[in-house]
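Data block below; observations after.
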Amino acid sequence: MEIRTRFAPSPTGYLHIGGARTALFNWLFARHHNGKFILRIEDTDVARSTEESTQAILDGMQWLGLDYDEGPYFQSKRFDLYREHAYKLLETDKAYKCYCTAEELEQRRKDAMAQGKTPKYDGRCKSQGAGARVQGANDKPFAIRFKVSPGTTLVKDIIKGNVAFDNNEIDDLIILRSDGTPTYNLCVVVDDATMNITHVIRGDDHLNNAPKQILLYEALGYPVPEFAHLPMILGSDKTRLSKRHGATSVMAYKEMGYLPHALVNYLARLGWSHGDQEIFTIEELTEKFSFENVGKSSGVFNPEKLLWLNHHYIKEAKTDDLAKLLEPFLEVKGYAVGTIHELSLPNIVKTVQERSKTFVEMADAAEFYFKENIVYEEKAAQKFLTPDMIEIFEAIRTRLENVTTFSHEAIETVFNGIINEKGMKLGKVAQPVRVALTGGTVSPGIFEVIENFGKEKTVEKLKKAIAFIKQKG
RNA sequence: GGUCCCAUCGUCUAGAGGCCCAGGACGGAGCCCUCUCAAGGCUUAAACACGGGUUCGAAUCCCGUUGGGACCGCCA
């Protein structure tokens, strides 16, 4: 039988970390089994669903590389189907009309809470006999409630094992609102059944919904799918991950300069493991993924480890690829790609990639290459741009000007010549030059910096530094 | 409050009764390398929540306690 999984977000916000991991696990499971992965937008709550959210979710999935084989399906376009199912349950006496208003229900819930009792629907509309009021063509507004019969319902969960629920604990749930729109539990069941979903993989915050849904499958005469309830992702304070724990939007990570694969790798390893392995390609992930190795306990989202992974993948990446990805981050800083043509971006990337954990950091680290007029950091200038350096800078400048092939080796030779003659340590020369060329005391290796700038720019910046020293004092 | 889930270093985890005075990774500390910052190398601190069983033997099985989480909507 073909494995079919689905990711079913509600479009009431962007794709967040938790949703992304649920999507990823669904995707991995489907890909591992050569099955199908389906995307379904659960927008039955017309009031809260937005098109922007749908688009944001689509963007997030695309960025992560979670491609789907079917969909996106929209529940809002399938209302007739849900209604048919609701009425079918009504006709077969597995559901009943409820004339209680939302206000009444709310009041009763409050009263129950006030008395310290568990809020629960009292079933009054069930007992008053459907027959009496079902007929009338001009019925008062009513919702349709599903009749939960006594007994126990067993959820056979791939991750959690067998979980038994006493049906007494389950309310007669509303499946069709008084305005005729269907509710979540009905829609999920109808969709998963009609879309032939074989494995329902979702967060374990849905575990409590599983028995209700199983009862619905049974009442509707549909086969019950397999369930796999994933443990939650928590914030650092071990509560449900939310905005106060930092960025939770997948696309925010794109903007912060993360590689999608770093996020995918991180998310996969949060809750799933394969021995001691930390680094996985997509191929390895799909090949090795299995629920056998998905843990039962919730996990804390650890931004530091994600950052480490991102750094890892940046270090491993090809400079050409990184250069392309870096461009937008340079543009944000005001360096239009067109204006930085004289320098080779891949060569620049090569010098900053191992010291950049994100593209934002990389853009910062590379910024000095593009600044027309560098401003020396005050402390750095004071310490390193001193009168005794004028002679050194002059020597470097003239010798550099005479170099025929402006290579790393040639530059190094120039420096070695000077420090040998003067009996200086390289550090004594390199730091002042670094300040002269980059404005600060932190940069890639000085020879690479000079090589990237090229003869002309290097000479120009040295001259500027000399002038600065002279003018200063 | 009720129902349900969960419990190994700060964090993610390995561990399917003896291989474990518990291994890896992130983060931390220290050292080495070094033109700065990184990167890299080496070293190091750090955990089986607690209490009872079962067993020759328990991180691993059972029960309880404690702690954490989720859900209890005409939201999804």
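Below, chain A is the first sequence line, B the second, and so on; all start at residue 1.
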Requested in this report: Can you tell me the pairing partner of rC33(B) across any strand shown, Watson-Crick or G-U wobble, with both distances under 3.5 angstrom?
Outcome: none
Query raised in the report: Roughly, in whole Å, what's the span from CH2 in W308(A) to C1' in rU13(B)?
Result: 13 Å
**Report entry** Rounded distance in Å - OH (Y99(A)) to P (rC74(B))
**Finding:** 17 Å
Report summary line: Regarding the side chain of L207(A), the nearest nucleotide among rU13(B), rC71(B), rC4(B) is rC4(B)
Requested in this report: Considering only atom C1', compute the distance from rC48(B) to rC71(B) and round it to an integer number of Å.
Outcome: 30 Å
Query raised in the report: With both distances under 3.5 Å as the test, what is the Watson-Crick or G-U wobble partner of rG10(B)?
Result: rC26(B)
Report summary line: Heavy-atom nearest pair, Y99(A) first then K140(A), reads CE2-O, 3.6 Å
Query raised in the report: If you measure from the P atom in rA45(B) to the same atom in rG52(B), how many Å do you get, rounded?
Result: 30 Å
Report task. Can you tell me, in whole Å, how much space there is between the C1' of rC26(B) and that of rA14(B)? Result -> 15 Å
Query raised in the report: Between N265(A) and Y313(A), is any side-chain donor less than 3.5 angstrom from a side-chain acceptor?
Result: yes
Query raised in the report: Choosing from rC12(B), rA76(B), rC74(B), which nucleotide comes nearest the side chain of L270(A)?
Result: rC12(B)
Report summary line: With the side chain defined as heavy atoms from C-beta on, N208(A) is closest, among rA70(B), rC5(B), rC12(B), to rA70(B)
**Report entry** Q75(A), nearest nucleotide to its side chain (from rA14(B), rA76(B), rA7(B))
**Finding:** rA76(B)
Query raised in the report: So which nucleotide does rU55(B) pair with, by the Watson-Crick or G-U wobble rule with both distances under 3.5 Å?
Result: none
Query - Interatomic distance where CD1 belongs to I233(A) and C1' belongs to rU11(B) [whole Å] - result: 14 Å
Requested in this report: Identify whether any heavy atom of R240(A) sits under 4.0 Å from a base atom; if not, whether one sits that close to sugar-phosphate; answer base, sugar-phosphate or nothing.
Outcome: sugar-phosphate
Query raised in the report: Quick one: the side chain of S178(A) and the base of rC74(B), do they pair up donor-acceptor inside 3.5 Å?
Result: yes
Query raised in the report: Considering Watson-Crick and G-U wobble pairs with both distances under 3.5 Å, what does rC50(B) pair with?
Result: rG64(B)
Query - Distance, rounded to the nearest Å, where K428(A) contributes NZ and rC35(B) contributes P - result: 13 Å
Requested in this report: Considering just the side-chain nitrogens and oxygens of K315(A), establish if one lies under 4.0 Å of OP1 or OP2 belonging to rA39(B).
Outcome: no
Requested in this report: Using a heavy-atom cut-off of under 4.0 Å over every strand shown, decide if E42(A) touches base, sugar-phosphate, or nothing.
Outcome: sugar-phosphate
Requested in this report: Whole angstrom is fine here: how far is it from CD in E354(A) over to P in rC33(B)?
Outcome: 18 Å
Query - Nucleotide nearest T44(A) (side chain, heavy atoms from C-beta), chosen from rU36(B), rC6(B), rA76(B) - result: rA76(B)
Query raised in the report: Whole Å only: how far is the CD1 atom of I175(A) from the P atom of rC74(B)?
Result: 13 Å
Report task. Using a heavy-atom cut-off of under 4.0 Å over every strand shown, decide if G299(A) touches base, sugar-phosphate, or nothing. Result -> sugar-phosphate
**Report entry** I446(A) CD1 - rU34(B) P separation (whole Å)
**Finding:** 18 Å
Report summary line: Judged by nearest nucleotide, the residue sitting upstream toward the 5' end of RNA chain B, S297(A) or E169(A), is E169(A)
Query raised in the report: Looking at rG24(B), does its base get a donor-acceptor pair with the side chain of Q277(A) below 3.5 Å?
Result: no
Query raised in the report: For the pair made of CG in N293(A) and C1' in rG24(B), what is the distance, rounded to whole Å?
Result: 15 Å
Requested in this report: Establish, from distance only, whether the side-chain atoms of T351(A) and Y369(A) form a donor-acceptor pair under 3.5 Å.
Outcome: yes
Report summary line: Picking from rA38(B), rG68(B), rC26(B), the nucleotide nearest the side-chain atoms of H311(A) would be rA38(B)
Query raised in the report: Rounding to the closest angstrom, what is the interatomic distance between rC9(B) and rA49(B) at atom P?
Result: 7 Å
Requested in this report: Assess R83(A) against F79(A): is NZ or CZ under 6.0 Å from the centre of the six-membered ring, and within 45 degrees of the ring's axis?
Outcome: no
Query - Mate of rC21(B) where both pairing distances stay under 3.5 Å, Watson-Crick or G-U - result: none
Query raised in the report: Looking at the side chain of R355(A), which of rA38(B), rA70(B), rA39(B) is the nearest nucleotide?
Result: rA38(B)
Report summary line: Any strand, both distances under 3.5 Å, Watson-Crick or G-U wobble: rC72(B) pairs with rG1(B)
Query raised in the report: Picking from rC35(B), rU11(B), rA76(B), which would you name as closest to the side chain of K238(A)?
Result: rU11(B)
Query - Check: D43(A) side chain, Q75(A) main-chain N or O, donor-acceptor pair, under 3.5 Å - result: yes
Query - R109(A) vs rC74(B): side-chain N/O to OP1/OP2 distance below 4.0 Å - result: yes
Query raised in the report: Which part of the nucleic acid, if any, lies within reach of T239(A) when heavy atoms closer than 4.0 Å are counted: base, sugar-phosphate only, or nothing?
Result: sugar-phosphate
Report task. Return yes if a side-chain donor-acceptor contact under 3.5 Å exists between D166(A) and T152(A), otherwise no. Result -> no
Query - Residue T183(A), side-chain heavy atoms: nucleotide from rG69(B), rA76(B), rC12(B) that is nearest - result: rA76(B)
Query - For the student: nearest non-hydrogen atoms of N208(A) and F165(A), plus distance - result: OD1-CE2, 3.7 Å
Requested in this report: Consider only side-chain N and O atoms of R78(A) and T44(A), and report whether a donor and an acceptor are under 3.5 Å apart.
Outcome: no
Query - Sugar-phosphate, base or nothing in reach of D171(A), heavy atoms under 4.0 Å - result: nothing
Query raised in the report: Say you pick atom P in rA38(B) and the same atom in rC19(B); how far apart are they, in whole Å?
Result: 42 Å
Requested in this report: Identify the heavy atoms of I374(A) and V435(A) that sit nearest to each other, and give their distance.
Outcome: CD1-O, 4.3 Å
Query raised in the report: When you measure from the side chain of A430(A), which nucleotide among rC4(B), rG68(B), rC35(B) comes out closest?
Result: rC35(B)
Report summary line: Contacts of P9(A) and F447(A) projected onto RNA chain B by closest heavy atom; the upstream (5') one is F447(A)
Requested in this report: Using the C1' atom on both, measure rA46(B) against rG30(B) and round to a whole Å.
Outcome: 15 Å
Report task. Check whether any side-chain N or O of R269(A) sits under 4.0 Å from OP1 or OP2 of rA25(B), and answer yes or no. Result -> no
Query raised in the report: When we call it a touch if two heavy atoms are under 4.0 Å apart, what does G271(A) touch: a base, just sugar-phosphate, or nothing?
Result: sugar-phosphate
Query raised in the report: How is L176(A) classified with respect to the nucleic acid when contacts are heavy atoms under 4.0 Å: base, sugar-phosphate, or nothing?
Result: nothing
Query raised in the report: On a whole-Å scale, what distance lies between the C1' atoms belonging to rC20(B) and rA47(B)?
Result: 13 Å
Query raised in the report: Is C187(A) touching bases, backbone alone, or none of the nucleic acid, heavy atoms closer than 4.0 Å?
Result: nothing
Query raised in the report: If you measure from the P atom in rG64(B) to the same atom in rG23(B), how many Å do you get, rounded?
Result: 32 Å
Query raised in the report: If you take all heavy atoms of L58(A) and L39(A), which pair is closest and at what distance?
Result: CD1-CD2, 3.5 Å
